[in-house]
J.: 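I am attaching a structure below and will ask some questions about it afterwards.
In what follows, chains carry the letters A, B, and so on, assigned in the order in which the sequence lines appear, proteins first and then strands, with residues in each chain numbered from 1.
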Amino acid sequence: MRPSEIIEHARQAFREGAPDRAVELAEHVIARYPRHASARLVRALKAEVDGELDQALEDLRFVTSAEPLNARAAAATARIFKLRDDDARAQDEARRVVELVPDVSDNASLESALDILGVDADALPMTPGVFARIHLRSGWPGTAERYARRALDEEPDRIDIRLTLAEALWQLNRLSQCEEQCTIIFDRANDCVRAAVMLAHVLAERGRMAEGQDLLGRAGEIDPEYLEARQMLAQLEIHRLVLPDVPQIDVPTSIRPSDGAPEAATTPSTSPDHQAPTVAEQPSDDGPAMPEGDSEAEPAAAPDGAAFTQIDWARELIRREDWREAERVLREIVEEEGLPEVDVDALLEEAAGRPAFAATGWQLLGDFRMRTHRPQAAAEAYLRAADSPEATDA
Amino acid sequence: MPDAQALLADLKALDDVDGAVVWRAGEAPLGDLAENVSPVAPGLLASGIGTMEQVVETVGLGKVDELWFLTEAHQGLAVRLGDWQAIILVSLDADIDSLRNAVTERLERQA
């Protein structure tokens with residue numbers, strides 16, 4: 001299983017009131033990837049439940065350093081400060097949660113923060129930091145930059161806001177200024193994955209490929225599937241960095257998930273409308289159940305009504321290494337109008353990252369980029385297709 | 001897509017045309033090239049021409065209508081008309097001027 005799949009099972013176990021099982025799964029990932037941020041967060045939440053606040057804070061400090069925009073980690077930190085009667089720091093952290101503008105899937109973090117701040121949602125302050133996050137998410141990096149700079153004038157030590165500024169500059173392709181901000185971030189949070197990805201890209205663009213790849217590799221210790229990197233790099237027309245294949249972890253039968261229906265682990269999306277979907281049926285070694293033996297069948301809907309999208313289906317087929325069916329579904333996705341470019345790019349890059357599917361995957365990515373009027377990026381994908389070995393039959 | 005396939009067949013049927021690639025803006029290219037050419041050649045040729053067009057436009061030289069290239073074995077001609085584009089590969093001794101007219105005429109029918 002992919003580490004992110006295991007962590008989704010752990011989160012689900014946590015939601016279902018089984019924190020022991022959650023931490024067992026998280027520890028299994030940590031044993032292989034000691035700096036896996038999501039696994040460390042699950043372990044921190046369990047420690048919080050157990051009242052082991054020092055241990056929880058230690059993991060949370062690491063998670064916040066690696067992922068300064070992680071609202072769950074900030075909310076947990078705020079709760080722990082509150083438990084320790086450190087109201088000032090609790091409120092600082094809670095304000096940070098609010099300014100991170102957690103999406104709808106993370107209402108619990110926002111509720112925690114509002115509870116600590118003692119205000120209703122109606123009374124939330126609209127600070128420059130809030131506006132910076134909203135504008136960045138809405139695809140307006142120019143205004144996001146202005147708001148982030150105003151917010152930093154007031155609070156220059158806020159790493160999350162500086163990261164928002166760096167990402168705005170990155171999206172504006174002002175790489176030197178982005179690099180400057182990332183360097184400051186590294187001084188304070190030297191595990192920051194998103195800053196590492198941006199800096200790796202900057203280095204690669206300057207011809208310092210080895211340094212860029214090395215930096216990306218460091219981010220891979222924390223996010224071994226490079227989910228953040230894939231999402232960020234997919235926003236670019238072209239990049240020179242090479243993302244390793246998605247790793248798999250053997251899960252012993254004793255802890256292998258057998259109950260419940262976790263959210264499918266997917267490449268994160270920039271849009272709140274594309275949250276990780278709920279898988280239709282309980283996972284097994286073969287993954288979520290899809291229509292069997294009927295290649296024309298449409299993806300099943302989840303019992304709770306959540307849609308299992310075509311992109312999810314394709315990702316599942318890639319995971320199963322069902323290349324024939326994956327190719328059919330991916331071709332449909334490439335030809336479909338209106339799907340978010342960033343999501344389709346990430347999906348096709350994931351497919352192309354599998355050696356058995358590399359030639360077809362890169363060619364499909366080239367076709368998609370041609371369809372979306374990006375010939376230069378398409379040429380890059382086609383060249384990679386030409387350099388890839390022929391795909392083997394499933 | 002049927003339009004593109006019909007156009008491709010039409011271009012390929014022209015005298016002296018060894019291979020052709022056609023596409024409409026917003027669609028993936030469709031090609032009919034020699035068997036010994038890489039299967040990604042239609043995509044590479046189309047995206048390469050598209051990149052060249054972007055470059056020419058970016059430096060302020062205007063929109064490209066035609067591009068012609070010569071190798072030791074082939075002449076290549078890319079023609080754009082509205083949303084439609086075509087590339088033909090022909091032998092060295094082919095009359096590229098008359099072929100240009102033929103390709104343009106066929107693209108006009110699509111436009």
J.: Using a cut-off of under 4.5 Å on heavy-atom pairs, state which of B:Pro29, B:Ala41, B:Gly43 scores highest against chain A.
T.: B:Gly43
J.: Heavy atoms only: give me the nearest A:Arg371-B:Ala28 pair and the separation to one decimal.
T.: CG-N, 3.5 Å
J.: Answer yes or no: are there more than 12 heavy-atom neighbours, outside A:Met209 itself, under 6.0 Å from its atom CE?
T.: yes
J.: Rounded to the nearest 0.5 Å, what separation is found between the CZ atom of A:Arg374 and the OG1 atom of B:Thr51?
T.: 12.5 Å
J.: To the nearest 0.5 Å, tell me how far B:Gln54 CD sits from A:His373 NE2.
T.: 11.0 Å
J.: Among B:Ser38, B:Gly50, B:Pro42, which has the most heavy-atom pairs under 4.5 Å with chain A?
T.: B:Gly50
J.: Suppose we screen for ring-ring contact (aromatic ring centres under 6.0 Å, His included). Which residues come up paired with B:Trp23, at least two apart in sequence or across chains?
T.: none
J.: Quick one: which of B:Val55, B:Val40, B:Ile49 has the most heavy-atom pairs under 4.5 Å with chain A, could you say?
T.: B:Val40
J.: With a 4.5 Å cut-off on side-chain heavy atoms, are B:Ser47 and A:Gln376 touching?
T.: no
J.: Minimum heavy-atom separation for A:Ala379 to B:Leu44, with atom names?
T.: O-CD2, 3.8 Å
